[in-house]
Visitor: 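First the structure, then my questions, so here it is.
Bear in mind the structure is a predicted one, so any value in this text is a computation, not a measurement. So you know, we letter chains A, B, ... as the sequences are listed, proteins then strands, and number each from 1.
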Amino acid sequence: MRVSRLFFQTLRETPADAEVVSHQLMLRAGMIHQIAAGIFDYLPLAQRTKHKIENIFREEMDAIGGQEVTLPMVHPAELWQKSGRWYQIGSDMVRFKDRNDRDMVLGMTHEEIMADLAKRFIRSYRQLPMMLYQIQTKFRDEPRPRAGLIRVREFTMKDAYTFDRDEAGIDAYYPKFYQAYYNIFRRCGIDVIAVKSDTGMMGGRMAHEFMALTEIGEDTLVLCDACGYSANRQVAVFRKPEPPVAEPLPLEEVATPGVSTIEALAQFLNIPASATAKAVFFIADLEQPDGSVKEQFVFCVVRGDMELNETKLTNAIKARRLRPATAAEIRAIGAEPGYGSPIGIRRDRVLLVVDDLVARSPNLVAGANREGYHLRNTNYGRDYTADLVVDVVAVSDGYACPQCGAAVRTARGVEVGNIFKLGTKYSVAMGATYLDENGEEKPIVMGSYGIGTGRLMAVIIELHHDEAGIQWPITVAPYQVILISLATEKTPEVAEAAEKLYADLLAAGVEVLYDDRDERAGVKFNDADLIGIPIRLTVGAKGLQNGVIEGKLRRNGETFAFPVETAVQDVQALIAAEIERIHATVVPVPFDE
RNA sequence: CGGGGAGUAGCGCAGUCUGGUAGCGCACAGCGUUUGGGACGCUGGGGUCGUAGGUUCAAAUCCUAUCUCCCCGACCA
């Protein structure tokens with residue numbers, strides 16, 4: 001491709017709307033163009049990288065037995081009504097009516113459609129396991145798209161689905177995906193870590209998220225450098241400290257005027273925050289046996305120095321959603337905001353959840369449910385009992401690793417992929433069954449596995465760039481080589497040599513971008529750096545005098561002098577070495593349950 | 001949905017307070033000089049100032065409404 005003909009435009013200045021680096025660089029490199037919040041055009045440079053990434057998806061999916069299909073992105077509502085998600089999902093799902101007044105949706109994921117497909121074509125255990133995947137557009141009307149391609153409304157996703165006869169089947173398939181996903185990300189030149197993640201309302205048995213560590217991440221991860229434990233903070237656990245051993249002392253009310261935070265309380269009474277209990281109040285939507293939803297006041301107690309993890313609480317009480325309770329709602333159950341404790345409240349109106357550490361800790365200071373007063377020496381069991389005693393604490397920096405006890409750290413990450421044991425929720429809903437050896441009808445056990453292409457592309461840039469621009473790993477670069485001609489009117493021999501080298505590279509099958517523009521050298525070099533092509537070749541009068549083409553690696557600045565006669569082979573060798581460098585990172589990874 | 005910010009040429013911005021018929025840099029087109037890390041000169045094209053009402057002799061500028069985009073939070077199959 002000649003740069004003079006390339007459909008793009010580099011920008012010297014950063015568009016004001018772009019905050020994160022990947023967004024800025026993609027705009028400046030002329031890769032993408034936004035037409036509405038979270039909706040983008042992909043221009044040729046981005047499109048080529050997208051194709052390369054997607055071909056890596058195809059190779060890795062095919063390697064573990066996948067077959068590619070394409071399912072529609074417009075779905076009839078019935079399929080979503082069958083699974084119930086038509087009713088559960090809010091305005092993230094775009095709904096509309098076709099000309100016959102039939103309810104339709106834009107596909108935001110394809111479990112329903114896949115299960116429906118399985119229902120039509122899978123009959124027998126002999127057909128299982130089966131794996132289908134597609135690379136398709138999804139539309140999710142996100143409330144807040146952000147950060148360029150990191151969080152968008154319309155995006156391309158590689159989504160794969162497995163169909164197994166039982167849990168043992170998917171238990172065998174799941175680790176193949178685990179490895180294939182590591183392979184994909186490493187072939188894209190990025191380091192990821194798989195973390196255990198929330199299965200939430202999907203009700204699956206196991207899920208992992210593949211996280212790329214970067215500041216712009218939306219998720220917080222808990223990592224143990226000592227033993228490798230890793231989990232999304234939403235589900236991370238830790239080794240709770242042993243509470244002090246002490247005889248329960250008598251309950252004692254103490255005046256604490258104006259002291260309504262744990263910090264102030266600890267200071268006022270000159271005790272550590274760990275000697276206090278804190279109350280947090282929510283209203284939960286609980287699903288009733290008959291399918292209706294009821295609002296329930298949830299009173300939750302954690303130790304004063306610890307933070308509540310709302311995801312853990314949501315899962316522990318199987319809530320559909322949680323919201324903070326208002327002051328009026330808190331008073332209505334007999335508690336006082338800022339001075340709450342489970343002692344003396346209207347117990348019949350609340351679901352009381354107490355963290356296991358609080359339940360084991362003697363003589364904690366807690367609120368007296370009266371403004372300006374606290375209670376010393378509250379003891380679980382003696383003074384109150386809970387509906388549920390369970391871990392609901394969020395892991396923070398320095399907490400003890402659940403596996404080895406070392407101090408964990410937290411880090412920000414972007415989820416670039418996830419794998420999920422779905423179970424039979426969708427197959428049962430859609431009626432996807434098979435007959436086993438005994439002629440017995442059984443629901444198919446499903447798994448789903450997704451990677452968003454655009455987000456991955458953005459994350460690659462987040463992890464591979466410098467002040468000058470993108471540094472594409474060669475496996476996903478739009479072109480492997482950029483050939484810069486420094487010819488002027490006075491040096492037609494340079495133009496001739498560049499044209500010849502371009503033709504020779506093309507003939508040799510090298511993916512080459514040829515900067516034949518009538519621009520100054522600086523403009524070409526800067527544009528080459530910006531768009532991030534891994535190998536730069538310069539044909540100039542200087543080099544030709546010595547019979548060489550100059551080469552330079554974008555990722556580290558290493559330079560080469562290729563003799564004109566062998567330049568094509570030399571470049572091919574360099575490309576091969578660069579590819580091998582990345583492929584060398586693709587190694588087996590132990591499956592971390 | 002709550003909080004904050006911004007809409008003037010493809011991009012970056014000034015002009016708005018104090019109303020007087022739209023400007024700068026980059027980019028783009030032409031000509032000339034230049035030519036190894038974002039050249040210079042001259043000439044030129046491009047904007048219903050987000051949109052709709054209103055005030056006024058006159059609105060980018062004042063008033064009202066509305067739409068859009070960005071950031072933080074809530075939300076996130």
Visitor: Could you list, one pair per line, each protein nitrogen or oxygen that sits under 3.5 Å from a nitrogen or oxygen of nucleotides 29-31 of chain B, together with the distance?
Guide:
none

Visitor: Mind checking if A:Pro15 touches a base, just sugar-phosphate, or nothing, with heavy atoms under 4.0 Å?
Guide: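 Contact class for A:Pro15: sugar-phosphate only.
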Visitor: By ring-ring contact (aromatic ring centres under 6.0 Å, His included), which residues pair with A:Tyr514, not counting sequence neighbours?
Guide: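 Once residues adjacent in sequence are excluded, the partners of A:Tyr514 under the ring-ring contact (aromatic ring centres under 6.0 Å, His included) criterion are A:Tyr502.
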Visitor: With the criterion being N/O to N/O and under 3.5 Å, what pairs connect the protein with nucleotides 69-72 of chain B, and how long is each?
Guide:
unit_1 : atom_1 : unit_2   : atom_2 : d
B:rC69 : OP1    : A:Ala37  : N      : 2.9
B:rC69 : O3'    : A:Gln34  : NE2    : 3.4
B:rC69 : O2'    : A:Asp17  : OD2    : 2.9
B:rC70 : OP1    : A:Gln34  : NE2    : 2.9
B:rC71 : OP1    : A:Ala147 : N      : 3.3
B:rC72 : OP2    : A:Arg144 : NH1    : 3.1
B:rC72 : OP2    : A:Arg144 : NH2    : 2.8

Visitor: On RNA chain B, check which nucleotide each of A:Gln9 and A:Asn418 is closest to and give me the residue with the more 5' one.
Guide: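 Taking each residue's closest nucleotide, the earlier one in sequence belongs to A:Gln9.
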Visitor: Taking salt bridge (charged side-chain N to carboxylate O under 4.0 Å, His left out) as the definition, give me every residue that meets it alongside A:Arg153, ordered by chain and number, with sequence neighbours left out.
Guide: A:Asp141
Visitor: Using 0.5 Å steps for rounding, measure from the CD atom of A:Glu310 to the CG atom of A:Leu308.
Guide: 6.0 Å
Visitor: Can you sort out the partners of A:Glu68 under side-chain contact (heavy atoms from CB on, under 4.5 Å), two or more places apart, ordered by chain and number?
Guide: A:Arg58, A:Tyr133, A:Ile135
Visitor: Please give the nucleotide sitting opposite B:rC75 as a Watson-Crick or G-U wobble pair, both distances under 3.5 Å, or none.
Guide: none
Visitor: Distance between the P atoms of B:rG19 and B:rU56, in whole angstroms?
Guide: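 Their P atoms lie roughly 16 Å apart.
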Visitor: Side-chain donor-acceptor pairs under 3.5 Å in residues 142-149 of chain A, sequence neighbours left out?
Guide:
unit_1   : atom_1 : unit_2   : atom_2 : d
A:Glu142 : OE1    : A:Arg151 : NE     : 3.3
A:Glu142 : OE2    : A:Arg151 : NH2    : 3.4
A:Arg146 : NH1    : A:Glu218 : OE2    : 3.0

Visitor: Return the pairing partner of B:rU56 with a 3.5 Å limit on both distances, Watson-Crick or G-U wobble; otherwise return none.
Guide: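 The answer is none; no pair meets the criterion.
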Visitor: Would you measure the distance from the P atom in B:rG45 across to the matching atom in B:rU8 and give it in whole Å?
Guide: 23 Å
Visitor: Just jot down the side-chain contact (heavy atoms from CB on, under 4.5 Å) partners of A:Gln136, sequence neighbours excluded, or say none.
Guide: A:Thr70, A:Met73, A:Gln134, A:Lys138
Visitor: Does B:rA9 have a Watson-Crick or wobble mate here (both distances under 3.5 Å), and if so which one?
Guide: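 Its partner is none (no Watson-Crick or G-U wobble pair with both distances under 3.5 Å).
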Visitor: Distance between the C1' atoms of B:rC49 and B:rC24, in whole angstroms?
Guide: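 That atom pair is separated by 16 Å.
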Visitor: Charged N to carboxylate O below 4.0 Å: is that the case for A:Arg554 and A:Glu578?
Guide: no
Visitor: Please list all pairs passing the salt bridge (Lys or Arg N to Asp or Glu O under 4.0 Å) test where one or both residues lie in residues 2-17 of chain A, with sequence neighbours left out.
Guide: A:Arg2-A:Glu499, A:Arg2-A:Asp516
Visitor: Please name all residues satisfying side-chain contact (heavy atoms from CB on, under 4.5 Å) with A:Ala432, sequence neighbours left out, ordered by chain then number.
Guide: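 If we apply the side-chain contact (heavy atoms from CB on, under 4.5 Å) test to A:Ala432, skipping adjacent residues, the hits are A:Ala118, A:Lys119, A:Ser427, A:Ile444.
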Visitor: Mind checking if A:Thr491 touches a base, just sugar-phosphate, or nothing, with heavy atoms under 4.0 Å?
Guide: nothing
Visitor: Can you sort out the partners of A:Tyr174 under ring-ring contact (aromatic ring centres under 6.0 Å, His included), two or more places apart, ordered by chain and number?
Guide: A:His208, A:Phe591
Visitor: Please encode protein proximity along nucleotides 33-46 of chain B as a string of B, S and -, counting only heavy-atom distances under 4.0 Å.
Guide: -BBBBBB-------
Visitor: Taking side-chain contact (heavy atoms from CB on, under 4.5 Å) as the definition, give me every residue that meets it alongside A:Glu493, ordered by chain and number, with sequence neighbours left out.
Guide: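 Listed in chain order: A:Thr491.
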Visitor: Under 4.0 Å, heavy atoms only, any strand: does A:Glu218 hit a base, just the sugar-phosphate, or nothing?
Guide: nothing
Visitor: Given the C1' atoms of B:rC17 and B:rC70, what is the spacing between them in whole Å?
Guide: 25 Å
Visitor: Measuring only the C1' atom in each nucleotide, how far is B:rU21 from B:rC31? A whole number of Å is fine.
Guide: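 Those two atoms are separated by 33 Å.
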Visitor: Under a 3.5 Å cut-off for both contacts, is B:rC31 paired Watson-Crick or G-U wobble with anything, and if yes, with which nucleotide?
Guide: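 With both distances under 3.5 Å, B:rC31 matches B:rG41.
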Visitor: Would you kindly give the CG-to-P distance between A:Asp219 and B:rG73, to the nearest whole Å?
Guide: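 After rounding, the gap between these two atoms is 12 Å.
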Visitor: Answer yes or no: is there an ion pair linking A:Lys158 with A:Glu60, defined by an N-O contact shorter than 4.0 Å?
Guide: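 So A:Lys158 does not pair with A:Glu60 through a salt bridge.
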